[in-house]
Structure formats: structure tokens, C-alpha cells
Amino acid sequence: GREEVERLLSTLACASCGLNEKQLMEKWGYTPLAWSALYSAVEVLIYRQNGCITLRSGFRAFVSGRYLADPAAASSARDTAVSLLREEMRSVRRELLSRSSGLTFGDRMLMRIWGIRPGERDMSRSLSVFREIVLQLIDAGQWELAADVLTSEHQLFCIESFRGYEYFTVIHTLVANGMDPRRLFPFRDMTLFAMVDGGGPVLTMLWAMFTNISKASDNAGEKLRKHFSRMPLGRRFKKGILHVLNECFAPDDNSSDKAGTDFEDTWIPGEDRTDIGRLATFFDQIAAMENLKRVKKILQKSEEMSKSLPDDAMTQTFFMMLTPLCLLRLGRKEEAKEQYEKLLDNSEVDPSIFTMLRFEFAFADKRWDLCRKFAEEIRHRGELFSGGLKMGAEQKYLQMMTAIGESSRYDGYSLDSIIRQYREACNDDTGFLLYFANWLQAKDLLNAAAAVYGTVAEVSDTESMKGYYLSLLSRLN
């Protein structure tokens with residue numbers, strides 16, 4: 001009936017990773033026949049994959065607006081989704097432990113501590129489920145419970161560096177809202193991490209975590225120094241942790257921030273110590289970079305870095321991502337495609353992390369259908385988060401749609417409308433607007449770029465800034 005459809009869609013709207021179909025049937029007491037009838041009624045809005053059903057991303061906003069506008073209804077649906085997700089993880093853990101009789105003592109210890117064995121096919125699903133649980137609890141304002149879930153299972157997030165990277169934003173959000181960062185590093189976990197190649201790979205992961213924590217809390221550094229200093233860890237491992245900690249919480253007076261020094265000039269081959277947050281955003285800067293001589297320099301430096309770093313280095317895949325993008329910007333499309341295929345073959349990272357790169361390739365090939373698909377993926381990813389990441393995803397979506405429309409001239413495209421939406425998304429920030437114009441100009445979309453440059457001049461605060469932006473605008477006319 002109507003109420004059953006509303007209940008199912010509302011619950012699915014609170015679980016972007018989908019929900020286990022069998023558990024849904026059991027929770028609500030459906031027979032296979034009754035469930036089949038309900039599924040048929042909403043089949044156009046959902047899809048089934050690996051035993052889970054998921055609401056199609058294009059309908060998520062519609063369902064939320066129709067059924068979850070009431071806070072009480074939203075809270076009820078969220079509680080149901082979180083309950084089902086947590087039960088799914090308990091079931092996974094029970095299944096894995098039941099199969100542990102033939103494992104070595106070390107494997108059983110890892111399973112006891114992490115709740116799942118590294119390398120299991122359930123890994124990717126487990127990561128998605130735990131992330132969704134934490135995000136839903138954050139949206140509900142249940143900060144303490146979200147922190148409990150994160151700290152009890154965050155070892156799982158850190159098993160693989162790049163999958164763990166997806167959670168740094170969540171860690172930042174929780175620490176910024178009062179979570180004690182020491183909870184992320186209990187003695188039990190640090191002892192286990194020290195066993196992984198002497199703790200070397202873990203220091204890379206800690207570097208990224210400390211960097212995010214330092215941006216969320218000013219006093220976290222001293223707390224963590226005392227925390228690690230008191231731990232009875234191996235001398236070399238402890239010294240490495242404290243060194244990384246001191247570097248991440250040092251004042252912002254290092255060479256990477258000095259005037260006249262390009263970011264790529266701070267990269268040291270063989271050293272996995274590059275600021276991963278800044279490296280991740282550097283991709284966007286290259287995509288909009290006007291100076292092609294600098295793009296050539298970045299290409300050379302990124303190739304040196306990716307070749308000199310070990311395969312498990314936190315930053316290696318990011319450096320490998322820069323190579324095909326630089327080649328694309330330099331007009332060497334076939335070489336760029338070859339490097340991209342190599343990246344996919346050599347990386348165990350979820351391909352969704354390459355969405356912006358895939359968009360650049362689709363745009364270069366004028367595959368507007370694929371461009372729209374990747375733009376929607378960016379917007380959907382933003383729906384998983386609140387705050388800055390959501391806004392950034394919305395901005396990327398709008399700039400992509402502007403580029404697609406300006407290039408393909410598909411029906412219904414309105415440059416003025418998209419620019420107006422972008423202004424709202426970035427709150428008329430001149431930095432974001434100027435980047436938007438540069439990005440369009442780098443793609444030779446001069447009409448759209450000129451329109452955005454004009455908008456920058458319109459919202460600029462000072463006469464000198466207006467003059468600068470108008471001079472850029474005149475170069476395109």
C-alpha cells in the first residue's frame with residue numbers, strides 16, 4: 001500500500017550505500033510474495049545489486065523532499081536505516097568469525113580487532129556501511145554516538161590508505177565538534193600498527209590524519225604529544241610518530257607556503273611527506289591552470305614522485321592521477337589515455353575517486369552523455385556529506401554542466417541560470433568565481449568564461465579588483 005511504499009523509500013533515502021534486502025524483509029515481516037509486490041511498485045526508483053537495494057541517485061532529493069520534510073519522519077527513517085546497517089555489520093562479523101577455524105593465529109587476531117579480515121571481498125561494502133552510519137548520526141546531531149562508532153571501527157578505515165582517505169573529512173568534522181582526537185589512537189591499535197612493516201606505512205596514514213586534525217582543533221597537538229609520549233611503543237616507531245606530529249602541528253612557516261615557491265617545488269622524490277589534502281585539491285588547480293609551462297613542470301615532477309614512491313605510499317596514486325591530467329592539458333590525449341589505463345591497472349582504489357579525471361577525458365572526446373553521468377556522480381557524492389564538501393560538489397556539478405552546455409548546445413541550457421546557481425552555491429566568493437572562469441577558459445569556452453569574468457567584476461569589492469577582472473575580460477573579447 002501507499003504507507004509501505006513511503007516507508008521503504010524514506011528508509012532507502014537515508015542509506016546512500018543501500019540496504020540488505022533480506023534484512024528489510026525480515027524486519028518488516030514480508031513474505032517473498034508480498035515483498036515482490038512492493039518491489040514491483042517502486043522498481044523504477046531503485047536497483048538491486050549484491051543482495052542490497054539502493055535508491056537511484058536521481059530520485060534521492062525528490063524522495064527526501066516528499067517524505068522526509070517532517071523532522072519526525074526523517075528521524076524515524078534515519079533510525080531504521082542506521083539500525084539495519086549496524087545489524088548488517090554484526091552479521092558480517094559473525095560470518096567471518098565462524099569461518100576463522102582454519103586461519104592462523106595472526107589472522108584470527110586481526111579479525112578480532114578489526115572485525116573483518118583485510119582482503120575480504122566484504123571490505124568495500126563494510127567501509128561504505130560504516131561511513132553511512134557515521135554520516136547519518138552526524139546529520140541527526142548525535143555527535144557522541146557518531147564518535148563512538150567511528151572510534152570503535154576506524155581501524156577498518158585505515159587498513160587501506162586511500163579508502164581511509166574518504167574518512168578524513170568525517171574525522172575533521174567530529175574533532176571540530178568536540179571529539180577528543182586521542183580516542184582515535186588507543187594503545188591496542190598503535191601496538192598492532194607497529195607490527196605492519198615496523199610501522200612505516202602507518203606513519204604515512206598518520207601524517208594525513210594529523211593534518212586533518214590540526215585544521216579542526218588548535219589544541220589537539222599538545223594532547224596528542226602527551227598521549228603518544230606516554231605509550232610504551234618501540235623507540236623507533238614512537239620517534240617517527242612524534243616527528244610526524246610535530247611537522248603537522250608546526251606553525252605555517254614552512255617552504256611550501258613561502259611566497260614565490262610553487263607547490264610542486266616542495267615535492268621530494270622518495271619522501272611520502274606531501275600534504276595530501278593540498279595534493280588532492282591541486283588537481284582542480286591544474287585543470288584551470290593557464291600557464292602551460294608550469295603544467296609541463298608539474299608533469300615532470302609528478303612522474304618523478306610516482307616512480308620514486310613505494311606502491312603502498314599514501315600519495316602515490318594522487319601523483320599518478322596528475323600525470324594523465326597534465327598530458328591532457330598539453331594536448332597529448334593518447335599518451336594521457338595510456339597513463340590512465342596504467343593507473344587503473346596498478347591501483348586498488350575505487351574508480352569513483354577518478355570521477356573528475358574521467359570527466360576530463362569524456363569532455364576531450366565530446367562524449368556529452370558520459371560528461372552528464374560523471375557530473376551526476378559528483379553531485380551524488382556531495383549528498384553524502386554536509387558543509388563544505390557538499391558545497392564543493394555542487395559547484396563542480398554546475399561548472400561541469402556549464403561546460404557541457406556551452407560545448408554541445410543541448411536544449412534547455414541557460415548560461416545565465418547556471419551562473420546564478422553557482423553564485424548561490426559559493427555565496428558570491430570571488431575566488432571560487434575566478435577559478436570557475438579560469439577553468440572554462442582552459443577548455444577554450446570563451447563565451448562562458450567571459451560571462452563569469454563579468455560576474456566576478458560585478459561582485460568584486462574594490463575598484464582595483466574590478467579593474468583587474470575587467471582587464472581579464474577584455475582579453476577574451
Side-chain angles (χ1 to χ4, degrees), residues 12-13 15-18 42-50 52-65 124-125 128 131-132 162-163 166 280 283-284 286-288 317 321 324-325 327-329 333-334 336-341 343-345 347 349-385 389-415 417-419 421-422 425 436 439-440 442-445 448:
L12 290 175
S16 61
C17 62
V42 297
E43 189 170 7
V44 68
L45 304 177
I46 62 179
Y47 64 91
R48 179 187 282 130
Q49 185 176 23
N50 298 327
C52 296
I53 56 173
T54 307
L55 188 65
R56 297 184 187 277
S57 60
F59 296 106
R60 191 174 305 280
F62 169 76
V63 170
S64 297
S124 181
R125 172 66 183 168
S128 299
R131 178 181 62 186
E132 186 66 28
F162 292 104
R163 284 174 174 165
E166 300 176 16
F283 187 96
D284 289 338
I286 297 171
T317 293
M321 283 175 62
L325 176 62
L327 289 169
L328 267 181
R329 288 299 323 278
K333 188 165 68 173
E334 293 306 315
K337 288 182 178 180
E338 183 179 324
Q339 289 298 318
Y340 177 60
E341 293 297 328
L343 172 62
L344 291 180
D345 291 340
S347 175
V349 182
D350 186 336
S352 65
I353 197 174
F354 305 133
T355 301
M356 284 298 294
L357 183 56
R358 293 156 77 192
F359 173 87
E360 296 289 341
F361 276 109
F363 188 89
D365 290 334
K366 298 182 180 181
R367 291 290 306 277
W368 311 128
D369 55 334
L370 289 178
C371 286
R372 293 188 188 93
K373 175 178 180 291
F374 298 141
E376 288 294 342
E377 286 184 12
I378 288 288
R379 170 173 274 182
H380 173 57
R381 187 178 302 170
E383 292 176 358
L384 303 179
F385 294 88
L389 187 59
K390 182 176 182 179
M391 183 182 74
E394 181 69 10
Q395 290 172 10
K396 281 186 172 59
Y397 169 80
L398 291 169
Q399 73 189 39
M400 287 174 169
M401 295 307 291
T402 305
I404 299 166
E406 184 73 2
S407 299
S408 61
R409 303 294 185 182
Y410 62 87
D411 292 339
Y413 169 73
S414 169
L415 179 60
S417 174
I418 293 266
I419 291 177
Q421 293 178 58
Y422 192 91
F436 188 14
W439 187 81
L440 291 167
K443 288 178 167 43
D444 292 327
L445 303 176

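Because only heavy atoms are used, hydrogens play no part in the values below, and waters and symmetry mates are left out as well, while side chains stay in. Quick note: residue numbers are just sequence positions, from 1.
- Using a 4.0 Å cut-off between a side-chain N of Lys or Arg and a carboxylate O of Asp or Glu, Lys443 and Glu360 qualify as a salt bridge.
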Problem set entry | Check against side-chain contact (heavy atoms from CB on, under 4.5 Å), Arg48 and Glu43 | CA-CA 9 Å; Arg48 179 187 282 130; Glu43 189 170 7; over 6 Å; no

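- Scanning both residues, Ala442 and Ala287, for their nearest heavy atoms gives CB-O, 3.5 Å.
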Exercise. Step by step, would you call Met356 with Asp284 a side-chain contact (heavy atoms from CB on, under 4.5 Å)?
Worked result: CA-CA 9 Å; Met356 284 298 294; Asp284 289 338; 4.2 Å; yes

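- If you take CG on Leu327 and CD on Glu334, they are separated by 11.5 Å, rounding to the nearest 0.5 Å.
- Between the Arg358 side chain and the Phe374 main chain, no donor and acceptor come within less than 3.5 Å of each other.
- Considering every non-hydrogen atom in both Arg329 and Ile286, the closest pair reads NH1-O, 2.7 Å.
- Atoms CZ and CZ, from Arg372 and Phe359 in turn, are 10.5 Å apart once rounded to the nearest 0.5 Å.
- Of all non-hydrogen atoms in Val63 and Ala13, the two that sit nearest each other are CG1-CB, 3.9 Å.
- Ring planes of Phe361 and Tyr340: tilted class, angle from 30 to 60°.
- In this structure, Ala15 and Glu132 approach most closely via the heavy-atom pair CA-OE2, 3.6 Å.
- Summarising the geometry of Thr54 relative to Ser16, their closest heavy-atom pair is CG2-O, 3.7 Å, with the distance given to 0.1 Å.
- Minimum interatomic distance between Ile53 and Leu12 (heavy atoms only, all atoms of both residues): O-CD2, 3.5 Å.
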